[in-house]
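These notes are about the structure you will find just below.
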Amino acid sequence: MSNDKTSETEGAEAPSTSGLDFIRQIVAEDQQRGKHDGRVHTRFPPEPNGYLHIGHAKSICLNFGLATEHGGRCNLRMDDTNPTTESEEYARAIEEDVKWLGFDWGEGFYYASDYFEQLHEYALQLIRDGRAYVCDLRGKEVSEYRGLWNEPGRDSPYRTRSIEENLDLFARMRAGEFEDGSRTLRAKIDMASPNMNLRDPAIYRIRRVPHYRSGSDWCIYPMYDFTHPLSDALEDITHSLCTLEFEDHRPLYDWFLEHVDVPSRPRQIEFARLNLSYTVLSKRKLLELVEEGHVSGWDDPRMPTLVGFRRRGYTPEAIRDFCDRIGIAKANSIVSIAQLQDSVRQDLNQSAPRVMGVLRPLKVVIDNYPEEQVEEVEAVNNPEDESAGTRPLPFSRELYVERTDFREDPPKKYFRLAPGREVRLRYAYFITCQEVIKDPETGEVVELRCTYDPETRGGYAPDGRKVRGTIHWVSASHAVEAEVRLYDHLFTKINPEDVDEGGSYNDALNPESLETLTGCRVEPSLAGAPPGHRVQFERQGYFCVDVDSRDDRLVVNRTVTLRDTWAKIEKAQGQSK
RNA sequence: UGGGAGGUCGUUCAAUGGUAGGACACGCGGCUCUGGACCGUGUAAUCGGGGUUCGAAUCCCUGCCUCCCAGCCA
């Protein structure tokens with residue numbers, strides 16, 4: 001958040017807005033012109049009917065970022081006007097997620113439901129001014145009267161009711177005299193408008209159910225289109241940022257501000273919502289994934305939710321960096337998941353301590369190493385951060401190395417272990433593979449017999465000879481056993497929502513999105529690591545201790561792999577054959 | 001079909017009448033006790049057609065394509 005070195009533009013009256021995204025340009029211009037007294041006040045208005053996902057993060061970073069960049073404020077507001085889908089649990093989770101992402105709303109925490117009384121007053125004003133009426137049409141009838149895109153709607157037969165009758169009926173709606181769905185309060189705008197939103201939209205509906213906050217104080221609830229502009233105005237919001245699908249709601253947004261006596265005049269600006277390759281980002285679909293059991297919950301590490309990413313091991317810094325990098329525009333687009341992965345790698349590379357972890361252990365016995373001997377070699381904790389220091393690693397005659405670091409028949413450019421080959425065990429010794437032991441039944445390689453060169457302690461050969469390969473390892477008797485969960489995309493298609501007729505987005509569910517490895521071996525320093533602890537398993541990737549972890553059962557999630565140049569080479573070799 | 005909004009390297013975002021640039025991805029090279037990181041380098045784009053202009057991604061006209069809207073959801 002400190003990417004501003006633009007204050008060097010002294011002489012210029014109006015600093016250039018070049019390079020800024022279109023919203024920041026508008027805000028900068030507004031501020032230069034002294035609009036809203038030069039104030040910038042934004043808000044992030046989630047509905048507490050689900051968990052926040054990475055798409056929300058884009059909006060959060062925009063709204064909070066904009067405010068801090070201009071010395072303004074950003075409110076967190078629960079947009080909770082629909083009691084049937086919302087809950088306290090979601091509201092609390094949202095609050096926590098925004099905090100986790102690293103943003104602070106100060107005193108600015110609000111609930112639209114706290115405005116119910118004021119909103120009701122505003123509705124009365126509209127009625128008194130002849131701008132709203134109680135309509136007795138049922139849902140189906142309303143939509144019949146609404147007309148089609150290319151055909152104007154018809155006025156409701158109740159449109160011409162007297163103000164007194166409207167006032168009376170609305171009071172009785174509030175008093176609970178009418179059943180759900182039997183009546184609505186509608187804005188009297190224009191049934192012939194080419195914009196459907198202006199064909200007398202409902203502003204209050206009857207829902208005789210308790211609200212998670214207002215309890216049973218109300219049985220009528222205001223609609224989004226009515227609530228939102230007025231809530232913004234009540235909070236003195238200057239710039240009300242929302243996504244593209246609300247673009248043609250803007251005339252309605254402005255209509256309410258125009259016809260209700262509000263304290264301020266916010267402006268709605270729309271931007272494109274985030275789409276991520278190989279994932280879905282809609283609360284409805286994410287809810288389905290949870291309810292249908294395709295994932296273990298909202299915080300399943302494969303979920304694009306903030307709780308999911310958190311459990312997976314993503315850092316708030318990485319997510320913020322990602323949001324900075326993808327920019328803000330009006331063109332709808334699908335951002336590559338590789339972009340996000342780059343952001344985490346970038347962050348974790350700096351901060352994650354290195355550790356030895358063997359995912360698929362292959363036993364190695366060093367024949368010329370003394371039977372009972374154990375020594376300690378010194379390992380660097382983080383080559384990117386000298387202050388992280390070093391740690392001792394136990395070394396002994398029996399080790400585990402990565403199964404994929406041995407090939408009986410090595411392909412070209414394979415620098416790892418193979419019969420007769422010498423490699424370096426990171427921070428320890430050079431070893432040479434002398435013998436391959438196989439299971440007589442299956443032919444599977446079960447053990448490698450190797451010899452080590454005692455002169456190469458620490459990983460250097462005094463005679464100056466080089467080895468091409470350095471591999472990771474753990475001492476068999478000292479290693480801690482762990483369960484490692486590897487994740488892949490939840491979906492196999494770049495855009496799972498792009499489905500053929502009759503298809504469903506979950507046809508593209510990836511059956512291999514979770515791979516659980518048991519019997520993995522990690523270095524002893526990881527014993528007892530708490531959930532949330534992030535490390536790099538050298539040469540493998542970044543990992544994070546899962547909440548399922550117990551003292552006697554280490555469970556770690558793979559956040560993201562390291563870049564794997566060898567995998568690319570091998571893939572290219574495979575293709576050229 | 002009516003209304004609204006979009007279309008720039010493979011992807012994403014810039015360039016606001018004056019050399020089309022960054023990031024990711026990809027390729028090549030260097031360095032390396034992580035085939036990581038890092039360093040260097042390269043490939044690669046203005047939806048089509050007209051016009052205005054010394055000069056157009058940008059302004060005008062026209063065509064094409066994509067997205068959103070017919071909840072008493074947000």
Side-chain angles (χ1 to χ4, degrees), chain A residues 16-22 25 45-47 49 79-82 84-86 135 137-139 142-144 146-153 180-186 193-199 201-207 220-221 223-225 227-228 242-251 270 272 277 283-284 324-336 338-343 345-346 349-350 354 380 383-384 413-416 424-428 458-460 466-472 494 536-541 561-570:
Chain A
S16 165
T17 58
S18 180
L20 296 178
D21 62 67
F22 79 101
Q25 287 182 23
E47 184 188 13
N49 67 345
D79 206 350
D80 53 357
T81 57
N82 183 358
T84 56
T85 55
E86 298 154 4
C135 180
L137 256 23
R138 291 282 176 162
V142 172
S143 75
E144 281 161 14
R146 187 154 30 226
L148 270 18
W149 280 323
N150 54 348
E151 169 193 297
D180 286 14
S182 61
R183 267 167 248 257
T184 52
L185 182 69
R186 295 227 258 163
S193 172
N195 183 343
M196 285 289 183
N197 295 299
L198 265 23
R199 321 249 262 225
I203 60 185
Y204 266 91
R205 76 291 212 181
I206 303 171
R207 280 254 210 297
I220 55 172
Y221 293 94
M223 302 284 292
Y224 166 86
D225 283 316
T227 308
H228 209 86
C242 64
T243 43
L244 253 28
E245 66 270 28
F246 293 103
E247 217 152 11
D248 45 14
H249 291 235
R250 195 185 337 130
E270 312 85 11
S277 61
K283 276 200 267 185
R284 203 205 89 222
D324 278 351
R325 289 208 247 169
I326 56 174
I328 302 292
K330 293 197 71 161
N332 27 21
S333 57
I334 301 177
V335 177
S336 168
Q339 189 87 219
L340 215 207
Q341 294 173 337
D342 184 70
S343 288
R345 288 196 189 106
Q346 199 93 36
N349 177 47
Q350 297 304 318
R354 272 55 169 177
V380 173
E384 304 294 322
K413 292 190 187 167
Y414 184 87
F415 306 141
R416 281 108 98 147
R424 169 167 40 226
L425 294 178
R426 179 141 226 230
Y427 299 127
Y460 295 95
K466 302 277 187 208
V467 287
R468 292 297 298 270
T470 299
I471 66 175
H472 60 279
I494 289 183
Q536 181 196 101
F537 283 177
E538 294 223 16
R539 306 205 306 129
Q540 308 261 20
T561 61
L562 249 31
R563 274 208 192 81
D564 191 347
T565 307
W566 166 243
K568 277 183 208 165
I569 295 170
E570 198 174 28

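Only this structure's heavy atoms are used, side chains among them; waters, hydrogens and symmetry mates stay out. A note on names: the letters A, B, ... follow the listed sequences, proteins ahead of strands, and every chain is numbered from 1.
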Practice prompt. Looking at every strand, decide which applies to A:Tyr204 at a 4.0 Å heavy-atom threshold: base, sugar-phosphate, or nothing.
Written response: nothing
Discussion item. Considering every strand and a 4.0 Å limit on heavy-atom distances, what is the contact class for A:Tyr460: base, sugar-phosphate, or nothing?
Written reply: base
Discussion item. Parallel, tilted or perpendicular, judged at 30° and 60°: which one describes the rings of A:Tyr224 and A:His228?
Written reply: tilted
Practice prompt. With heavy atoms under 4.0 Å as the rule, sort A:Arg426 into base, sugar-phosphate or nothing.
Written response: base
Item to complete: Both distances under 3.5 Å, Watson-Crick or G-U wobble: report the partner of B:U53, or none.
Response: none
Worksheet entry | Span that lies between the P atom of B:C61 and that of B:U11, in whole angstrom | 29 Å
Discussion item. Does a side-chain N or O of A:Arg207 approach OP1 or OP2 of B:C73 to a distance below 4.0 Å, or not?
Written reply: yes
Discussion item. Taking B:A5 as the reference, what is the distance to B:C9 when you measure between their C1' atoms (whole Å, please)?
Written reply: 24 Å
Discussion item. Less than 4.0 angstrom between a side-chain N/O of A:Thr81 and OP1 or OP2 of B:A74, yes or no?
Written reply: yes
Item to complete: Please give the nucleotide sitting opposite B:U16 as a Watson-Crick or G-U wobble pair, both distances under 3.5 Å, or none.
Response: none
Response to the item:
Of the listed B:C67, B:A70, B:C72, the closest approach to the A:Arg138 side chain comes from B:C72
Item to complete: Could you check how far NZ of A:Lys466 sits from C1' of B:U34, rounded to whole Å?
Response: 16 Å
Item to complete: Provide the Watson-Crick or G-U wobble partner of B:G63, both distances under 3.5 Å; none if there is no partner.
Response: B:C47
Response to the item:
A:His249 atom NE2 is separated from B:A70 atom C1', nearest whole Å, by 11 Å
Worksheet item: If you look at every strand shown and take non-hydrogen atoms under 4.0 Å, does A:Asn332 touch a base, only sugar-phosphate, or nothing?
Response: sugar-phosphate
Worksheet item: So, is B:G29 syn or anti if syn means the angle is within 90° of 0?
Response: anti
Discussion item. Just to be sure I understand the rule, does A:Gln350 reach a base, reach only the sugar-phosphate, or reach nothing, if contact means heavy atoms closer than 4.0 Å?
Written reply: nothing
Worksheet item: Where the side chain of A:Asn82 is concerned, which of B:C72, B:U34, B:A74 is the nearest nucleotide?
Response: B:A74
Worksheet item: Heavy atoms under 4.0 Å, any strand shown: does A:Arg354 hit a base, just sugar-phosphate, or nothing?
Response: base
Worksheet item: With a non-hydrogen cut-off below 4.0 angstrom, is A:Arg186 in contact with a base, only sugar-phosphate, or nothing?
Response: nothing
Worksheet item: Using a cut-off of 4.0 Å on non-hydrogen atoms, how would the nucleic acid contact of A:Asn197 be classed: base, sugar-phosphate, or nothing?
Response: nothing
Item to complete: For A:Glu538, answer base if it contacts any base atom (sugar-phosphate contacts may also be present), sugar-phosphate if it contacts only those atoms, and nothing otherwise; contact means non-hydrogen atoms under 4.0 Å.
Response: base
Discussion item. Pairing check on B:A37: which nucleotide meets the Watson-Crick or G-U wobble criteria with it, both distances under 3.5 Å?
Written reply: none
Worksheet entry | OP1 or OP2 of B:C73 under 4.0 Å from side-chain N/O of A:Thr84 | no
Worksheet item: Using a cut-off of 4.0 Å on non-hydrogen atoms, how would the nucleic acid contact of A:Leu137 be classed: base, sugar-phosphate, or nothing?
Response: base
Item to complete: For B:A74, take OP1 and OP2 only and decide whether either is under 4.0 Å from a side-chain N or O of A:Arg284.
Response: no
Worksheet item: On a whole-Å scale, what distance lies between the P atoms belonging to B:U19 and B:A57?
Response: 10 Å
Discussion item. Centroid distance below 5.5 Å plus an interplanar angle below 30 degrees: do A:Trp149 and B:G2 meet both conditions?
Written reply: yes
Discussion item. Please give the distance between the P atoms of B:C68 and B:G18 as a whole number of Å.
Written reply: 35 Å
Worksheet item: Does a nitrogen or oxygen in the side chain of A:Gln346 sit under 4.0 Å from OP1 or OP2 of B:C38?
Response: yes
Worksheet entry | Complementary nucleotide for B:G10 - Watson-Crick or wobble, under 3.5 Å | B:C24
Worksheet item: Considering only B:C24, B:C13, B:A5, which nucleotide approaches the side chain of A:Ser333 most closely?
Response: B:C13
